Participant: 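Sending over a structure as structure tokens; questions will come in a sec.
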There are 2 protein chains.
Amino acid sequence: MNDSDHGRRTIRDVAKAAGVSISTASNALNGTGRTNAETREKVKRIADELGFRPNALARGLLTKRSHAIGMLTNDTYGRLTLPMAAGVSEILVDHGVSLFLCATNNDPRLAKLHLDALLDRQVDGIIFTATRIDLEPPPELVKLRIPVIYAFAQGPADSVSFHPDDAQGARIAVQHLQTLGRSRIMHITGEQNYLAARIRADAYRELVGSSGQVMFGDWSEEWGHSAIDEVYSKSGPKPDAIFCGSDEIARGVIDALRDRGISIPNDVAVIGFDNWEVVSKQTRPPLTTIDMELKELGHRAGLAILGLSRGEKLEPGVERLPCGIVVRGSA
Amino acid sequence: MNDSDHGRRTIRDVAKAAGVSISTASNALNGTGRTNAETREKVKRIADELGFRPNALARGLLTKRSHAIGMLTNDTYGRLTLPMAAGVSEILVDHGVSLFLCATNNDPRLAKLHLDALLDRQVDGIIFTATRIDLEPPPELVKLRIPVIYAFAQGPADSVSFHPDDAQGARIAVQHLQTLGRSRIMHITGEQNYLAARIRADAYRELVGSSGQVMFGDWSEEWGHSAIDEVYSKSGPKPDAIFCGSDEIARGVIDALRDRGISIPNDVAVIGFDNWEVVSKQTRPPLTTIDMELKELGHRAGLAILGLSRGEKLEPGVERLPCGIVVRGSA
DNA sequence: ACTTTCTGATAAAACCTTTTAGCTTCTATA
DNA sequence: TATAGAAGCTAAAAGGTTTTATCAGAAAGT
């Protein structure tokens with residue numbers, strides 16, 4: 001019907017079709033300025049009929065708000081950052097904000113490249129996420145003029161960060177085992193140079209007292225296996241429950257226990273950490289485990305960056321979000 | 001040094017500092033028009049000193065190329081689409097193109113929402129990816145004026161799609177087992193209503209002939225386990241090799257075989273499909289498996305969408321990219 | 001000396017939207 | 001009746017960039 005059909009409708013098309021000026025059309029559509037209710041409805045109807053949608057580039061150029069935010073992650077699409085990304089995206093889409101995803105693969109050059117691209121695109125804010133909470137963000141990030149949120153990562157002193165509450169997660173794990181009547185609980189976990197591992201171990205020790213035993217290793221299934229070999233090849237008291245630092249470790253532990261004919265959870269109760277379903281649902285018996293609620297963490301980070309980008313002020317510091325427990329068969 | 005310091009430098013700042021007009025500055029920076037080498041260098045130097053970077057919104061508004069593309073995926077950040085996303089991103093970042101990630105979680109409402117947002121942002125193209133190759137894309141997608149690429153998903157007849165070559169993947173798996181001297185090879189795989197499962201099964205049958213046996217089930221570890229129970233609880237000839245439809249199935253198969261005291265790979269060789277390292281590296285023995293090269297598939301999709309967005313023409317149809325084999329201990 | 005060609009630079013238009021300030025017309029108040 | 005205020009609308013500017021058309025001057029050809 002119109003003269004040219006190769007492009008999108010602009011607000012100029014709407015204005016012409018409605019017989020009003022561009023300004024009136026804009027005011028009618030946005031509810032700004034003073035507009036007669038009748039013309040307002042008319043403009044809206046016509047815009048609808050024409051399938052008009054405003055050009056986000058033009059709008060962003062003028063309003064200085066691009067309604068896009070960037071998510072910078074240090075890994076290549078791993079299992080920790082992606083549930084967070086899903087959570088962030090869920091929040092943003094409801095507010096008409098889109099998400100640029102930038103995986104830096106721990107490469108500073110790539111981080112710089114992505115960061116520059118985000119700034120060129122005038123993003124309203126950046127969420128930095130990492131695979132471990134004690135990882136330094138790219139140095140360029142800390143001196144930006146736009147808001148930055150740190151999720152599962154350390155920000156500078158005056159920044160806003162969200163972490164899972166590792167201490168609380170460890171406590172509910174141990175308390176669950178104690179409620180089951182277990183008294184000889186040990187803790188097999190990952191690398192000691194991970195802050196999260198140390199926090200959990202400390203919380204564990206606080207609850208079990210001097211009877212505790214912590215074994216640090218790596219985050220692999222294999223380590224869970226060999227840790228059990230080590231425990232049972234030595235003499236001494238054996239545990240009646242094991243709190244593992246990850247689901248993968250727990251899987252190794254469970255397999256090794258079963259190889260020795262030890263019944264789970266009757267002889268030894270096992271609890272994991274992560275609720276990584278592909279692992280925790282497939283162990284035999286299925287794994288009772290701690291869930292860090294990463295998607296919820298993403299929600300919170302998304303809400304926070306939205307707030308900051310609107311100019312709201314947020315309390316700086318690390319907010320720790322509670323973990324949940326998922327009870328399956330192993331404890 | 002400058003008058004206002006709260007925003008970014010604009011090309012106007014550069015022009016003023018260099019004592020030239022805005023047009024000259026633009027021409028110098030982009031190598032367009034006619035510019036004296038001397039002034040060109042000067043402008044570039046000053047732009048560099050000032051840290052000038054062009055506003056992507058303004059540029060996109062004018063040139064009609066936003067240098068952003070959207071990736072629409074039907075799942076919530078799963079293990080299949082994410083390696084592809086990494087591959088896509090790797091290609092794009094080198095061409096100064098950014099990636100909007102949109103997870104629709106199989107919800108048509110969400111798909112529409114994301115799609116509209118992408119169009120509002122004037123993306124130069126869209127890559128649609130799915131969790132299975134035989135999944136219909138959102139109907140709105142097929143009538144867009146901007147280029148669309150289908151990766152790991154079905155496009156309409158005149159579109160460009162990339163799939164892993166499931167038939168070839170199945171063939172190299174079976175041939176590997178045959179090279180090892182195995183002759184009683186069976187195939188335990190996932191749901192028959194998945195096109196990929198049928199393609200692989202057909203390729204398998206073609207190579208093993210009438211001696212073949214295919215068991216369809218679901219894609220879980222548990223199914224691998226119970227399939228073995230079924231095979232060994234019945235009388236009849238037993239396999240000397242098993243080609244599994246996924247690494248998870250393979251893990252169930254291996255565990256079940258070991259429970260029965262069957263040695264892998266001596267008595268029965270096992271080969272998986274996916275090379276999902278968290279599974280394939282952790283089985284005992286580690287799993288020999290087929291790799292769909294999803295990252296490479298992402299590379300190809302990224303290159304394709306770049307080409308299309310530049311106006312290049314691409315041969316429509318499904319391009320099948322070869323799978324690789326990763327030999328570990330199980331076969 | 002006069003035209004042509006080329007070089008280097010620039011003003012202005014364009015992209016699409018929002019917003020400010022101003023202009024009529026009408027109603028209510030003094 | 002004059003005037004203040006409000007209601008409804010619009011022209012124009014602004015945002016930052018690219019691109020087109022134009023212009024002045026220099027070099028080159030006749």
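All values derive from a computational prediction rather than experimental measurement. By convention in this document, chain letters (A, B, ...) are assigned in the order of the sequence lines, proteins followed by strands, and residues within each chain are numbered from 1.
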Participant: Taking any heavy-atom pair under 4.0 Å as a contact, classify A/S23: base, sugar-phosphate, or nothing.
Facilitator: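 Base contact.
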
Participant: Any side-chain heavy-atom pair from B/T73 and B/M84 closer than 4.5 angstrom?
Facilitator: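 The answer is no, as the side chains (C-beta and beyond) never meet within the 4.5 Å cut-off.
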
Participant: Nearest whole angstrom, please: distance from the C1' of D/dA14 to the CG of B/L57.
Facilitator: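 Interatomic distance, CG of B/L57 to C1' of D/dA14: 15 Å.
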
Participant: Name the nucleic acid region contacted by A/T10, choosing base, sugar-phosphate or nothing; use a 4.0 angstrom heavy-atom cut-off, strictly under.
Facilitator: sugar-phosphate

Participant: When B/V20 is tested against each of B/V43, B/I46, B/V14 for side chain to side chain contact (heavy atoms under 4.5 Å, CB included), which residue passes?
Facilitator: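 Of all the options given, the one that passes is B/V43.
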
Participant: Reading DNA chain C in the 5' to 3' direction, which nucleotide is the first one with an atom under 4.0 Å from a heavy atom of chain B, and which is the last?
Facilitator: C/dT7 to C/dC16

Participant: For A/N55 and D/dG15, give me the distance from atom CG to atom C1', rounded to whole Å.
Facilitator: 13 Å

Participant: Taking all heavy atoms of B/A86 and all of B/K295, pick out the closest pair and write down the distance.
Facilitator: CB-CE, 4.3 Å

Participant: Expressed in angstrom and rounded to an integer, what is the separation of A/E38 atom CD from D/dA7 atom C1'?
Facilitator: 14 Å

Participant: For B/R8 and D/dG15, what is the distance between atoms CZ and C1' respectively, to the nearest whole Å?
Facilitator: 14 Å

Participant: When you check the gap from the basic side-chain N to the acidic O, do A/D116 and A/K112 get nearer than 4.0 Å?
Facilitator: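 Between A/K112 and A/D116 there is a salt bridge, with a charged N closer than 4.0 Å to a carboxylate O.
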
Participant: Under 4.0 angstrom, heavy atoms only, what part of the nucleic acid is A/R34 near: base, sugar-phosphate, or nothing?
Facilitator: base

Participant: Go through the steps for A/K42 and A/E38 under the test salt bridge (Lys or Arg N to Asp or Glu O under 4.0 Å), then give the verdict.
Facilitator: CA-CA 6 Å; A/K42 182 179 178 189; A/E38 201 174 328; over 6 Å; no

Participant: Nearest to the side chain of A/V20 - D/dT10, D/dT17, D/dC9?
Facilitator: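 Closest of the options to the side chain of A/V20: D/dT10.
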
Participant: Would a distance-only check, ignoring hydrogens and angles, find a side-chain to backbone donor-acceptor pair under 3.5 Å from A/D124 to A/S66?
Facilitator: yes

Participant: D/dA27 P sits how many Å from B/N36 CG, rounded?
Facilitator: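 Distance, rounded to whole Å: 13 Å.
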
Participant: Could you check A/T32 against B/T63 and say which one's nearest nucleotide on DNA chain C is further toward the 5' end?
Facilitator: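 Checking each residue's closest nucleotide, the 5'-ward one belongs to B/T63.
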
Participant: How long is the line joining CZ of A/R12 and C1' of D/dT10, in whole Å?
Facilitator: 14 Å

Participant: For the residue pair B/N74 and B/F152, establish whether any side-chain heavy-atom pair is separated by less than 4.5 Å.
Facilitator: no

Participant: SG/A/C102 to CD1/A/I126 distance, rounded to the nearest 0.5 angstrom?
Facilitator: 8.0 Å

Participant: Closest approach of A/L57 and B/Q122, non-hydrogen atoms and distance?
Facilitator: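 Where A/L57 meets B/Q122 most closely, the heavy atoms are CD2-CG, 3.9 Å.
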
Participant: Mapping B/T24 and B/A58 to their closest nucleotides on DNA chain D, which lands nearer the 5' end?
Facilitator: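 The residue whose closest nucleotide sits nearer the 5' end is B/A58.
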
Participant: Which part of the nucleic acid, if any, lies within reach of A/I22 when heavy atoms closer than 4.0 Å are counted: base, sugar-phosphate only, or nothing?
Facilitator: base

Participant: May I have the distance from B/H67 (atom NE2) to D/dT17 (atom C1'), rounded to whole angstrom?
Facilitator: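 Result: 12 Å.
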
Participant: Not counting sequence neighbours, which residues clear ring-ring contact (aromatic ring centres under 6.0 Å, His included) with A/F100? List them please.
Facilitator: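 Counting only residues at least two positions away or on another chain, A/F100 forms a ring-ring contact (aromatic ring centres under 6.0 Å, His included) with B/F100.
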
Participant: What's the CG-P distance between B/L29 and D/dT19, to the nearest Å?
Facilitator: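 In whole Å, D/dT19 P lies 13 Å from B/L29 CG.
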
Participant: Does any residue of residues 40-49 of chain B have a heavy atom under 4.0 Å from DNA chain D, and if so, which ones, in number order?
Facilitator: none

